[in-house]
Amino acid sequence: MPHILVSISLSPEGMAHIRATPDLQKAEMEFVNKWKEEGILENFFISTDRTGAFLLLSGVELGRAKDLIGSLPYFPYMAQVHYFELDKQF
């Protein structure tokens, strides 16, 4: 089963907008929780400074992973997104 690690960094301007918009934060978490329930999102980490996140997606190909991330409410505020295709060893 394919795994994709997604590394996301938010821009400083984006962080300011996100912090000022609680509805945006709620909408983002709805996506995260839905993906978890569907088994797409295996792990979700937020950096301690809250300016980035790491998502481990399972059972999706790279193109689908990019589509999923692009659909997130926070996507317009992301400064960098990196995708790493992984083979699980254990």
Side-chain angles (χ1 to χ4, degrees):
M1 177 182 311
H3 284 79
I4 309 282
L5 177 66
V6 184
S7 171
I8 297 169
S9 298
L10 299 170
S11 69
E13 300 82 16
M15 280 302 306
H17 181 77
I18 289 166
R19 287 186 178 124
T21 314
D23 288 342
L24 187 61
Q25 297 170 35
K26 182 180 175 187
E28 182 82 0
M29 287 311 298
E30 287 175 1
F31 275 82
V32 169
N33 290 328
K34 179 177 179 248
W35 295 349
K36 182 180 174 188
E37 289 172 13
E38 293 174 352
I40 295 171
L41 181 60
E42 192 169 308
N43 292 100
F44 178 61
F45 298 90
I46 298 175
S47 62
T48 55
D49 65 2
R50 317 233 1 123
T51 62
F54 296 89
L55 292 78
L56 183 60
L57 304 176
S58 176
V60 296
E61 299 296 331
L62 182 59
R64 177 75 175 129
K66 289 180 178 183
D67 289 343
L68 289 167
I69 299 301
S71 71
L72 288 170
Y74 282 12
F75 186 74
Y77 311 104
M78 295 177 187
Q80 294 183 341
V81 181
H82 298 282
Y83 300 88
F84 303 91
E85 295 181 88
L86 306 172
D87 289 323
K88 189 170 184 177
Q89 297 297 306
F90 58 88

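Quick note: numbers below take in every heavy atom, side chains included, and nothing from hydrogens, waters or symmetry partners. Count residues from 1 along the sequence. Please read these numbers as outputs of a predicted model, since none were measured by experiment.
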Atom CG of Asp49 with >12 non-hydrogen neighbours under 6.0 angstrom:
yes
Shared hydrophobic cluster for Val81 and Leu24 (ILVMFWY, side-chain gaps under 4.5 Å):
yes
Taking the side chain as C-beta and beyond, is there a heavy-atom pair between Arg50 and Leu10 under 4.5 Å?
no
Checking Leu68 against Trp35 for the side-chain contact (heavy atoms from CB on, under 4.5 Å) test, could you report, in this order, the C-alpha distance in whole Å, the side-chain angles of both residues, the deciding distance, and whether it holds?
CA-CA 9 Å; Leu68 289 167; Trp35 295 349; 3.7 Å; yes
Would you call Lys66 and Glu61 a salt bridge, taking side-chain N to carboxylate O under 4.0 Å as the test?
no
For a 4.5 angstrom cut-off between non-hydrogen side-chain atoms, does Leu72 reach Glu28?
yes
Out of Leu86, Leu5, Ile40, which one pairs with Leu57 under the side-chain contact (heavy atoms from CB on, under 4.5 Å) rule?
Ile40
According to a 4.5 Å side-chain heavy-atom criterion applied to Ile, Leu, Val, Met, Phe, Trp and Tyr, with indirect links allowed, do Tyr83 and Leu56 form part of one hydrophobic cluster?
no
Check step by step if side-chain contact (heavy atoms from CB on, under 4.5 Å) holds for Tyr77 and Met15.
CA-CA 7 Å; Tyr77 311 104; Met15 280 302 306; over 6 Å; no
Please verify the inter-ring angle class for Phe84 with His82; under 30° counts as parallel, over 60° as perpendicular, anything in between as tilted.
tilted
So is Lys36 actually on top of Phe44's ring, under 6.0 Å and inside 45° of the axis?
no
My understanding is that only residues two or more places apart in sequence, or in another chain, count here; which of them pass side-chain hydrogen bond (donor to acceptor under 3.5 Å, both in side chains) with Glu38?
Lys34
Mind checking what makes ring pair (Phe, Tyr, Trp, His ring centres under 6.0 Å) contact with Tyr74, not counting sequence neighbours?
none
Please tell me whether Ile18 and Ile46 are part of a single hydrophobic cluster in this structure, the criterion being side-chain heavy atoms less than 4.5 Å apart.
yes
Membership question, hydrophobic clusters at under 4.5 Å side-chain separation (ILVMFWY): are Met78 and Leu62 in the same one?
yes
Shortest non-hydrogen separation from His3 to Glu42 and the atoms involved
NE2-OE1, 2.9 Å
Applying side-chain hydrogen bond (donor to acceptor under 3.5 Å, both in side chains), can you list everything that pairs with Ser11, at least two apart in sequence or on another chain?
none
Using a 3.5 Å distance criterion without hydrogens, assess whether the side chain of Glu85 forms a donor-acceptor pair with backbone atoms of Pro2.
no
Is there a side-chain contact between Leu55 and Leu41 (heavy atoms, below 4.5 Å)?
yes
Hey, are Thr21 and Asp23 close enough side-chain-wise for a donor-acceptor pair under 3.5 Å?
no
Output the distance between atom CD1 (Ile8) and atom CZ (Phe45), rounded to the nearest 0.5 Å.
13.5 Å
